[in-house]
Engineer: 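Handing you this structure, nothing more for now.
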Amino acid sequence: AGPTVPGPGDRRLALNPRRVSVVPPTLATRVGIEAIAVVIFASAAFLLVRYPLLPWLLPVHFKRDGFPNGWQYKTYARVFMPVFVQLALALTFGAIGVLLLSRNHGPHDKEAADVKAAAAGAEAVTLIALIWVAFQGYAGWALVAMWTTERAGLGFWYAYLELAGLVLTGVVALRAL
């Protein structure tokens, strides 16, 4: 007998890579991915331009009066830490988004509930990633300001932006339900 052709109920279909397709990402997902890339690039460019202007000893610990009493040497790893965090966030959330969008379905399944849920979930994950990648961009700017002025604190806006990030994360999560 010759080779058999798998039917619709055959489990071999699930293992066939030609059968696996990706749920198309939403416009918000695509724009979010582009925005994440722009924010990471802008953060890296800002820190690269500011790096030579930073003191060779960076204040990292401060007394109650806001003046430094602990320092560490300026290194690329230390200065670019916000970019490394941004990359870790983008890669982690990106992997989750890819997993959500990778599923067995055919072109006729566009309106299926699980396909719509996958697209909405990937969109939510991408938007949450954008929120926190942007927050780390602010953190990079605030660190440069703190190191340059040698005064404690990450700026007036730090706590407000952190709170805004939490609220926006909640809004995105609720919207995805």
Side-chain angles (χ1 to χ4, degrees), residues 16-54 58 74-148 153-177:
N16 184 350
R18 290 176 292 171
R19 178 80 170 109
V20 176
S21 58
V22 176
V23 174
T26 65
L27 176 62
T29 302
R30 291 191 307 272
V31 170
I33 291 167
E34 290 173 8
I36 288 169
V38 167
V39 169
I40 293 172
F41 177 78
S43 298
F46 172 75
L47 292 171
L48 188 63
V49 167
R50 295 304 302 254
Y51 186 86
L53 306 173
L54 293 172
L58 302 174
K74 172 178 72 172
T75 64
Y76 282 102
R78 187 163 288 117
V79 172
F80 280 83
M81 188 55 65
V83 174
F84 300 146
V85 172
Q86 287 175 319
L87 290 170
L89 288 167
L91 291 172
T92 302
F93 282 104
I96 294 168
V98 167
L99 286 173
L100 287 169
L101 293 176
S102 300
R103 44 199 319 99
N104 271 342
H105 76 284
H108 59 283
D109 296 332
K110 286 182 192 175
E111 298 302 315
D114 66 324
V115 171
K116 287 182 177 182
E123 179 179 298
V125 166
T126 302
L127 295 176
I128 290 169
L130 175 59
I131 291 164
W132 294 107
V133 165
F135 180 75
Q136 282 299 311
Y138 173 79
W141 177 85
L143 283 168
V144 166
M146 182 181 74
W147 291 329
T148 305
L154 294 173
F156 173 79
W157 291 104
Y158 188 87
Y160 293 110
L161 291 174
E162 188 174 32
L163 180 61
L166 289 170
V167 170
L168 287 172
T169 297
V171 168
V172 168
L174 288 174
R175 182 176 168 265
L177 294 178

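In this text, all values refer to a predicted model and were calculated from it rather than measured experimentally.
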Engineer: So, taking the atom named CG in L154 and the one named CG in L161, what distance separates them when rounded to the nearest 0.5 Å?
Structural biologist: 11.0 Å
Engineer: Measure the spacing between CD1 of I36 and CG of L89 and express it to the nearest 0.5 Å.
Structural biologist: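 So the gap between those two atoms works out to 9.0 Å.
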Engineer: Evaluate side-chain contact (heavy atoms from CB on, under 4.5 Å) for R175 paired with L127, printing each intermediate quantity in order.
Structural biologist: CA-CA 11 Å; R175 182 176 168 265; L127 295 176; 4.0 Å; yes
Engineer: Closest heavy-atom contact between A119 and P24?
Structural biologist: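 Nearest pair, atom of A119 first, then P24: CB-O, 4.2 Å.
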Engineer: Does the side chain of F93 reach to within under 4.5 Å of the side chain of I128, using non-hydrogen atoms?
Structural biologist: yes
Engineer: Taking the six-membered ring for Trp, are F135 and Y158 ring centroids under 6.0 Å apart?
Structural biologist: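 Yes.
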Engineer: Return the minimal non-hydrogen interatomic distance between A118 and V23, and the atom names on each side.
Structural biologist: CB-CG2, 4.3 Å
Engineer: Please name the pair of heavy atoms, one in L101 and one in P25, separated by the smallest distance, quoted to 0.1 Å.
Structural biologist: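 Minimum heavy-atom separation between L101 and P25: CD1-CB, 4.1 Å.
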Engineer: Hey, are the side chains of T148 and L53 touching, using non-hydrogen atoms and a 4.5 Å cut-off?
Structural biologist: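 No. Closest side-chain heavy atoms not under 4.5 Å.
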Engineer: P82 and V79: which non-hydrogen atoms are nearest, and at how many Å?
Structural biologist: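 Closest approach of P82 to V79: CD-O, 3.4 Å.
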Engineer: Measure the CD-OG1 distance between E123 and T29 for me, rounded to the nearest 0.5 Å.
Structural biologist: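 One finds 4.5 Å between CD of E123 and OG1 of T29.
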Engineer: Measure the CH2-OH distance between W157 and Y138 for me, rounded to the nearest 0.5 Å.
Structural biologist: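 So the gap between those two atoms works out to 9.0 Å.
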Engineer: Output the distance between atom OG1 (T92) and atom CG (L87), rounded to the nearest 0.5 Å.
Structural biologist: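 Reported value, rounded in 0.5 Å steps: 10.5 Å.
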Engineer: So, R50 side chain and V144 main chain: donor-acceptor pair closer than 3.5 Å or not?
Structural biologist: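 It does not hold such a pair.
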Engineer: Mind listing the closest non-hydrogen atom pair of A124 and A176 along with its distance?
Structural biologist: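 Closest approach of A124 to A176: CB-CB, 3.6 Å.
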Engineer: Below 4.5 Å, heavy atoms only, C-beta onward: do I33 and R30 meet side chain to side chain?
Structural biologist: no
Engineer: Test side-chain contact (heavy atoms from CB on, under 4.5 Å) on F80 and L48; report intermediate values, then the result.
Structural biologist: CA-CA 8 Å; F80 280 83; L48 188 63; 3.9 Å; yes
Engineer: Please check this pair: side chain of Q86 against backbone of V133, looking for a donor-acceptor N/O pair closer than 3.5 Å.
Structural biologist: yes
Engineer: Side chains of T126 and L130: does their closest heavy-atom pair fall under 4.5 Å?
Structural biologist: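 No, too far: nothing below the 4.5 Å cut-off.
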Engineer: Decide if atom CZ of F41 counts as having more than 12 heavy atoms of other residues, nucleotides or ligands within a radius under 6.0 Å.
Structural biologist: no
Engineer: Locate the shortest heavy-atom distance separating W132 from T169; write the atom from each residue and the value.
Structural biologist: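 Closest approach of W132 to T169: NE1-OG1, 2.8 Å.
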Engineer: Take atom CZ in R78; do more than 12 heavy atoms of anything else shown fall under 6.0 Å from it?
Structural biologist: yes
